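The block underneath contains the structure these notes are about, expressed in structure tokens.
Just so we're clear, the structure is a prediction, and the values are computed from it rather than from any experiment. Note on naming: letters A, B, ... go to the chains in the order of the sequence lines (proteins, then strands), and numbering restarts at 1 for each one. Below, each value reflects all heavy atoms present in this structure, side chains not excepted, and no hydrogens, waters or symmetry copies.
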Amino acid sequence: MIDLKLLRKNPEVVAESLRRRRSNLALDSLLLKDQTRRDLQKQGDDLRSNHKRRSEELARAMRMKANVDTLRSELRGLSAKISALEDEQRKADAEVEDEALLFPNLLLPDVPDGATGDDNPVVSAWGGKPPFSFAPKNHWDVGEALGILDFERAAKVARARFTCLKGGAARLERALISFMMDLHASRGYTEIWPPFLVNGASMRGTGQLPKFRADLFKCENEDLWLVPTAEVPVTNLHADEILTEDKLPVRYCAYTPCFRAEAGAAGKDTRGMIRQHQFDKVELVKFCRPEESAAELEQLRLDAEEVLRRLNLHYRVVSLCSGDLGFSAAKTYDIEVWLPGQAAYREISSCSTFTDFQARRAMIRYRAKSGETALVHTLNGSGLAVGRTLVAVLENYQQSDGSVVIPDALRPYMGGITQISLPPK
RNA sequence: GGAGGCGUUGCAGAGUGGACGAAUGCACCGGUCUUGAAAACCGGAGUGCCCUCACGGGCACCGGAGGUUCGAAUCCUCCCGCCUCCGCCA
């Protein structure tokens, strides 16, 4: 959530960020609702203060056995007035909250300006496109020929946008998860195995609700939602907590399956495993002091990149421009892996700082040595999207005979398998 | 799923209708004492919202939401969580 005090004091700062995002949200209505809310609070506080004093008077009078009928009925009237005002106040609070929750995070100043993903500048690259002596195939062709990806049967038991992995691919998926978790755990991230269903408050805390309800799967008749990313359960681990400063920064890594309704993505990436209702992901999540968050974002990005380097997969990094940035993020790097079968770079990790936006929603704070409490900054990034990493391995490590060589870094996790070969005819 | 018990300020733990934002102990932060430390003694510490340039002040918060009452940590209803026993299950 954006900072309403800042909005009140510096509306032009918020307006400028919205303008850069190409958002058409207007501030007037929110500012007005905020003013109404504060007026009502002042009125209510004054009435309650008065009521409190008169009530004490009544108690004193009763002790002296005085007649209190007049005072009592007067107070009854005052109490009714307060009740009515409190209803109004609740309504006003909700109106401010409902509207404020729809405002995206403020951009960091160094977010490049731009309208769409086409405007995202490439900030770095690693490796090079691997040479092929033949025309490299799409991962679905590679996988179906090997009999390790089964889209049709997955659609039969679930529906479209699900994949069934089999044999070498299933093993590879599991190997990738273990490989990534081991790597991050060895580099200072504490391993977390969180719930895969969360309540609505958690979804609100990280910003999925109320705005992106349509992208989520929900359990019927329960306040339980399937996680779209480990970011949700892991960030909310510290909701409503005050962390001690010497524990910061807190760094977690977590594997979860991710469930996304992919509303509005009809017709996009309909073939293959790029865009699924269910996929696996290893996520990195950090909580830190505000002054550390810029450096932590850079390190987060490097930690995600390390996975691709060890797998020897070519990638580039783009900085999301103002118009392309996600709702909750203040700044985001996307890591895009090279997919030779599609001759394209595809997003495989997204590393973001959310500054205090999620911390304010989820009330995640820390106590500074001075004794003051302040909101932490939260960050997270994929490290990596496992399904897309599997795609990248299939496409980049495919051989002319249709087999796929296992990258060296994964071999310890593959039980001696060095290559996924075609089944005998 | 059934039966019962419980949920208070960082922790422990009092408080069953008013003077309770809440005793006490521990922990924590200052200070005195000490060469230093411990102990002892003195003092200070919750969170949020609002008003104020500030000093300061007001209001709310005893798991959550309602209700009864002039007044609720305390009484009532519902919900959530934890514990114990039974059932079921991996």
- Separation between the C1' atoms of B/G46 and B/C11, rounded to whole Å: 14 Å
- Query: Are A/R204 and A/E97 close enough for a salt bridge, meaning some N to O gap below 4.0 Å?
  - Reply: yes
- Donor-acceptor pair between A/R38 and A/Q35 side chains, under 3.5 angstrom: yes
- Quick one: how far along RNA chain B does chain A reach, first to last nucleotide 5' to 3', anything under 4.0 Å to a heavy atom? B/G18 to B/G71
- Item | Residue matched to B/A19 through Watson-Crick or wobble contacts both under 3.5 angstrom | none
- Query: If you pin A/G44 and A/R37 to their nearest nucleotides in RNA chain B, which one's is more 5'?
  - Reply: A/R37
- Paired with B/A12: which nucleotide, if any, by Watson-Crick or G-U wobble criteria at under 3.5 Å for both distances? B/U24
- Message: Once you measure the plane-to-plane angle for A/H238 and A/Y252, does it fall in the parallel (<30°), tilted (30-60°) or perpendicular (>60°) bin?
- Response: parallel
- Residue pairs passing the ring pair (Phe, Tyr, Trp, His ring centres under 6.0 Å) test with at least one member in residues 200-237 of chain A, sequence neighbours excluded, are A/F212-A/F327, A/F217-A/H277
- Message: Would you compute the distance between atom CD of A/Q299 and atom SG of A/C288 and round it to the nearest 0.5 angstrom?
- Response: 12.0 Å
- Message: So does A/A392 get a backbone contact from the side chain of A/N396, meaning a donor-acceptor N/O pair under 3.5 Å?
- Response: yes
- Query: Taking the same atom, P, in B/C41 and in B/A54, what whole-Å distance lies between them?
  - Reply: 40 Å
